[in-house]
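Keep in mind that the numbers below use all heavy atoms, side chains included, and drop hydrogens, waters and symmetry copies. Along the sequence shown, the residues carry numbers beginning at 1.
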Amino acid sequence: MASLPKNILTFEEPFGDTNGRITELQTASEGYRRLLEEKIEDLKVDAVEIGKQALVIGGVIAVVYLLVDALLPEDEPEIKAKNTSNVSGGIERHTEKTSWVVKAVTSYATTWLLGLARQKLMDFLATQQNTNAGTDTNETSK
């Protein structure tokens, strides 16, 4: 009968030092987790800045729209129904004509206000761009 090989009688780990490899992998995964958390924090800061800019731009657009809507006259005349005893029920068009002076003044005021809003928006965006350029530490955003 043949003798048994020596390694069958003694127990050895087949993959070497698995506990050491586990600690190496845990250390590496912890490093990657910290790196991902830092990147997520950077993304949160960027999202807040972009959100503020979008909010300011949206507010300016809304104000300009409301201002233009309030200052410019409506093009369509209002339609009013007459209360008559007639069965056909006549419809009367009520139009108010504005003078050319009022139209000119409102158009000049609208143009001036839009220019002012544009300049304020450009100044705000330039300020934001300068502050972002000074504090930008994220190499991936370039």
Side-chain angles (χ1 to χ4, degrees), residues 2 4-142:
L4 293 173
K6 186 177 183 180
N7 61 359
I8 289 181
L9 298 177
T10 61
F11 180 72
E12 293 181 5
E13 293 183 85
F15 298 107
D17 186 20
T18 55
N19 291 334
R21 182 72 177 142
I22 288 173
T23 57
E24 288 175 13
L25 291 175
Q26 285 175 343
T27 305
S29 67
E30 183 67 26
Y32 286 127
R33 186 186 61 79
R34 272 184 272 153
L35 182 66
L36 283 173
E37 285 177 353
E38 290 173 5
K39 292 293 180 180
I40 288 173
E41 289 300 319
D42 290 343
L43 287 174
K44 285 180 184 178
V45 169
D46 291 345
V48 166
E49 291 299 319
I50 290 171
K52 286 179 185 177
Q53 290 176 357
L55 186 62
V56 168
I57 291 170
V60 168
I61 290 172
V63 167
V64 168
Y65 173 76
L66 291 174
L67 185 65
V68 168
D69 190 42
L71 291 179
L72 294 180
E74 294 179 12
D75 291 339
E76 297 180 17
E78 296 179 14
I79 298 175
K80 293 183 179 179
K82 271 186 171 179
N83 290 335
T84 60
S85 61
N86 213 351
V87 176
S88 63
I91 296 176
E92 174 185 315
R93 292 192 182 266
H94 178 67
T95 60
E96 292 183 13
K97 294 186 178 186
T98 57
S99 69
W100 63 272
V101 175
V102 173
K103 288 181 182 179
V105 169
T106 55
S107 66
Y108 286 134
T110 303
T111 304
W112 179 73
L113 288 172
L114 285 174
L116 183 66
R118 180 185 153 275
Q119 186 61 39
K120 292 289 184 183
L121 184 59
M122 295 295 284
D123 291 341
F124 174 76
L125 291 176
T127 304
Q128 289 297 319
Q129 196 171 30
N130 288 340
T131 57
N132 285 345
T135 60
D136 190 15
T137 59
N138 190 0
E139 290 122 14
T140 60
S141 67
K142 291 182 181 178

[X] side, atom [atom1]; [Y] side, atom [atom2] - distance, nearest 0.5 Å:
X	Y	atom1	atom2	result
Leu114	Leu121	CG	CG	11.5 Å
Ile61	Leu66	CD1	CG	12.0 Å
Glu49	Asp46	CD	CG	8.0 Å
Asp123	Arg118	CG	CZ	10.0 Å
Arg21	Thr23	CZ	OG1	9.5 Å

Practice task
Please say whether more than 12 non-hydrogen atoms of neighbouring residues, nucleotides or ligands are located less than 6.0 Å from CD in Gln129.
Solution key: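 No, the 6.0 Å shell around CD holds no more than 12 heavy atoms from other groups.
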Problem - salt bridge (Lys or Arg N to Asp or Glu O under 4.0 Å) evaluation trace for Arg34 with Glu38 - result: CA-CA 6 Å; Arg34 272 184 272 153; Glu38 290 173 5; over 6 Å; no
Problem - Side chain to side chain, Leu67 and Thr110, heavy atoms closer than 4.5 Å - result: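 Sidechains of Thr110 and Leu67: no contact.
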Practice task
Evaluate the side-chain proximity of Ile57 to Leu125: yes if any heavy-atom separation is below 4.5 Å, no if none is.
Solution key: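 Heavy-atom side-chain distance check passes, below 4.5 Å.
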Exercise for the section: Taking all heavy atoms of Ser107 and all of Ala104, pick out the closest pair and write down the distance. Expected result: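 Here Ser107 and Ala104 meet closest at OG-O, 2.8 Å.
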